[in-house]
Engineer: 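Just passing along the structure, written as structure tokens.
These values consider heavy atoms only, across backbone and side chains, with no hydrogens, waters or symmetry-generated copies. If you're wondering where the values come from, they're calculated on a predicted model, not measured in any experiment.
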Amino acid sequence: MKIWMFSWLVIFFILIGLSLPGCSSPAPAESPAQGSPASIAPPPQHAPVYSSAAATADQPAIGTEGNLKLPEAKLKGEVSLEEALAARRSIRQYSTAPLSLSDVSQLLWAAQGITDSSGKRTAPSAMATYPLEIHLVAGNVEGLAAGVYLYVPSGHELKKIKDGDFRKEISRMPAAQNGAIDIVITGNLDKFARFGENGIRFICLEAGHAAQNICLQATALNLGTVTTAGFSEEQVKTVLGITGNKTVLYIMPVGKKT
Ligand SMILES: Cc1cc2nc3c(=O)[nH]c(=O)nc-3n(C[C@H](O)[C@H](O)[C@H](O)COP(=O)(O)O)c2cc1C
């Protein structure tokens, strides 16, 4: 056989070989069955999608537009999800001890924190619309002045609405008055207008997701909380300075256990 014929034959077989399945690139790993433990993606390595530079566990930093930047939320705790589910109870009495700023940061992150670069959050939302707003009525928090704040998920920040301790005015319920903080979940109905008559149902479902996240996070931090819905919506709106087509869904006091 002539040398040039031999060379062409070698090239031909190399090309055939590359086109065979499994030769050009490694075979993809077989995907595990849906729902099996192996199909659960590992938790992301601690790579928050916001920067919490300079905020410490007990001191906020200055964030965007004068907001207060909260310390970074932790992705590991000492209590398993199963333990938190088993231990969760409505707690309505609290000690007078203050909450730490990192506790507050963790609770707000659990409610509506952003968890990936597309802006998706800890709680699910119909068509990723995110109609919920989380207000913080802070009364007794180390490193944070008493006041009403709005949680800003982008940047993991607090926007101050007003100074002062409004725990006694937010609700007549003793639990809401005695927690170190009240977390108030409200919903922007305009954002759900496109869902028509389903809008109000969807928004209530979303509040449930966020509230359960707060319950489990509080339990994991050994804090007490309760979901309360017995309040005057008008009174809460006045305290929070809320206007527009919004609805108040839950007040959740949080405090250290007695
Ligand atoms: C929609 C809803 C509204 C609630 N409203 C109040 C309330 O206004 N005041 C209160 O003390 N507890 C309130 N709760 C808490 C329930 O009383 C409590 O979940 C129930 O007694 C079961 O106890 P557990 O949460 O410890 O399991 C509410 C719970 C839900 C789900």
Side-chain angles (χ1 to χ4, degrees), residues 43-64 66-81 83-85 87-88 91 94-116 121-123 132-161 163 165-167 176 178-185 210-227 250-258:
Q45 293 307 301
H46 205 173
V49 286
Y50 51 84
S51 157
S52 273
T56 64
D58 46 19
Q59 199 67 46
I62 299 300
T64 50
N67 291 344
L68 298 175
K69 192 161 276 295
L70 290 164
E72 206 171 280
K74 296 186 184 75
L75 297 185
K76 289 224 185 291
E78 289 169 9
V79 177
S80 73
L81 174 62
E83 288 166 332
L85 283 165
R88 185 212 62 80
I91 309 274
Y94 315 101
S95 87
T96 54
L99 287 191
S100 69
L101 191 66
S102 60
D103 285 340
V104 170
S105 160
Q106 201 68 38
L107 291 161
L108 296 173
W109 175 84
Q112 281 292 286
I114 292 182
T115 48
D116 77 20
R121 304 187 184 181
T122 49
L132 299 184
E133 291 177 358
I134 309 292
H135 283 79
L136 172 71
V137 178
N140 191 11
V141 180
E142 280 172 324
L144 186 67
V148 175
Y149 301 85
L150 175 68
Y151 177 59
V152 183
S154 60
H156 192 49
E157 295 174 345
L158 289 177
K159 179 188 176 70
K160 186 181 272 187
I161 308 295
D163 282 309
D165 186 350
F166 291 91
R167 287 175 294 171
N178 296 331
I181 61 169
D182 288 299
I183 298 175
V184 186
I185 303 178
Q212 182 72 359
N213 284 2
I214 295 169
C215 285
L216 294 175
Q217 182 67 80
T219 306
L221 295 170
N222 198 26
L223 302 173
T225 189
V226 56
T227 51
Y250 260 143
I251 296 179
M252 298 181 66
V254 186
K256 294 212 162 138
K257 293 180 187 168
T258 51

Engineer: Under the side chain to side chain contact (heavy atoms under 4.5 Å, CB included) rule, what do Tyr151 and Ile183 come out as? Steps first, then yes or no, please.
Structural biologist: CA-CA 10 Å; Tyr151 177 59; Ile183 298 175; over 6 Å; no
Engineer: Where do Ile185 and Ala210 come nearest, in terms of heavy atoms and distance?
Structural biologist: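 It is CD1-CB, 4.2 Å.
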Engineer: Got Lys256 and Leu99 here, is their nearest side-chain heavy-atom distance under 4.5 Å?
Structural biologist: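 Yes, close enough: below the 4.5 Å cut-off.
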Engineer: Is a donor on one side and an acceptor on the other found under 3.5 Å between the side chain of Thr122 and the backbone of Trp109?
Structural biologist: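 Indeed, once roles are kept as given, a pair shorter than 3.5 Å links the two residues.
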Engineer: What are the two closest non-hydrogen atoms of Pro60 and Gly143, and how far apart are they?
Structural biologist: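 Smallest heavy-atom distance, with atoms named: CD-O, 3.2 Å.
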Engineer: Out of curiosity, Lys257 NZ to Tyr94 OH, how far, rounded to the nearest 0.5 Å?
Structural biologist: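 OH of Tyr94 is found 11.0 Å from NZ of Lys257.
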Engineer: Which heavy atom in Ala123 sits nearest to a heavy atom in Ala111, and how many Å separate them?
Structural biologist: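 Heavy atoms of Ala123 and Ala111 come nearest at CB-O, 3.9 Å.
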Engineer: Given Leu107, which partner from the list Ile134, Leu223, Leu136, Asn213 fulfils the side-chain contact (heavy atoms from CB on, under 4.5 Å) test?
Structural biologist: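 Looking at Ile134, Leu223, Leu136, Asn213, the match for Leu107 under the side-chain contact (heavy atoms from CB on, under 4.5 Å) is Leu223.
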Engineer: Is it the case that the side chain of His156 and the backbone of Pro71 share a donor-acceptor pair, with hydrogens and angles ignored and the cut-off at 3.5 Å?
Structural biologist: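 Such a contact is found between His156 side chain and Pro71 backbone.
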Engineer: Between Gln112 (side chain) and Arg121 (backbone), is there a donor-acceptor pair under 3.5 Å?
Structural biologist: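 No; judged by distance alone, with no hydrogens or angles, the pair does not exist.
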Engineer: Is there a side-chain contact between Pro253 and Val226 in this structure, where contact means two heavy atoms from C-beta onward sitting under 4.5 Å apart?
Structural biologist: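 When only atoms from C-beta onward are counted, Val226 and Pro253 do touch, with a gap below 4.5 Å.
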Engineer: So which heavy atom on Ala180 is nearest to which on Ala97, and how close?
Structural biologist: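 For Ala180 and Ala97, the tightest heavy-atom pair comes out as CB-O, 4.4 Å.
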Engineer: Over all heavy atoms of both residues, which pair between Ala211 and Thr227 is shortest? Give the atoms and the distance, please.
Structural biologist: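 Reported closest heavy-atom pair: CB-CG2, 4.1 Å.
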Engineer: So, Asn140 side chain and Thr96 main chain: donor-acceptor pair closer than 3.5 Å or not?
Structural biologist: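 Checked: pair present.
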Engineer: Would you say the side chain of Leu108 lies within less than 4.5 Å of the side chain of Leu158, judging by non-hydrogen atoms?
Structural biologist: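 A side-chain contact under 4.5 Å exists here.
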Engineer: Is it the case that the side chain of Arg167 and the backbone of Val137 share a donor-acceptor pair, with hydrogens and angles ignored and the cut-off at 3.5 Å?
Structural biologist: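 Checked: no pair found.
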Engineer: Distance check, rounded to the nearest 0.5 Å: Gln217 atom CD versus Arg88 atom CZ?
Structural biologist: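 Result: 14.5 Å between the selected atoms.
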Engineer: Counting only N and O atoms by type, is there a donor-acceptor contact under 3.5 Å from the side chain of Lys69 to the main-chain atoms of Gly155?
Structural biologist: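 Yes, Lys69 side chain to Gly155 backbone: donor-acceptor pair under 3.5 Å.
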Engineer: Output, in order, the C-alpha distance, side-chain angles, deciding distance and verdict of side chain to side chain contact (heavy atoms under 4.5 Å, CB included) for Val104 and Glu142.
Structural biologist: CA-CA 10 Å; Val104 170; Glu142 280 172 324; over 6 Å; no
Engineer: Please check this pair: side chain of Asp182 against backbone of Val184, looking for a donor-acceptor N/O pair closer than 3.5 Å.
Structural biologist: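 Side chain of Asp182 to backbone of Val184: no pair is present.
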Engineer: Quick check against the 3.5 Å criterion: does Thr225 have a side-chain atom that pairs as donor or acceptor with the backbone of Cys215?
Structural biologist: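 Absent.
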Engineer: Crowded around Lys159 NZ? As in, over 12 foreign heavy atoms under 6.0 Å?
Structural biologist: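 No, NZ of Lys159 has 12 or fewer neighbouring heavy atoms, counting only those of other groups under 6.0 Å.
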Engineer: Are any of the side-chain heavy atoms of Ile214 and Tyr250 separated by less than 4.5 Å?
Structural biologist: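 In short, these two side chains do not touch, never coming nearer than 4.5 Å.
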Engineer: Any side-chain heavy atom of Ile181 within less than 4.5 Å of one from Leu144?
Structural biologist: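 In short, these two side chains do not touch, never coming nearer than 4.5 Å.
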Engineer: For the side chain of Glu157 and the backbone of Thr64, is there at least one donor-acceptor N/O pair under 3.5 Å apart?
Structural biologist: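 Judged by distance alone, yes, a pair lies under 3.5 Å.
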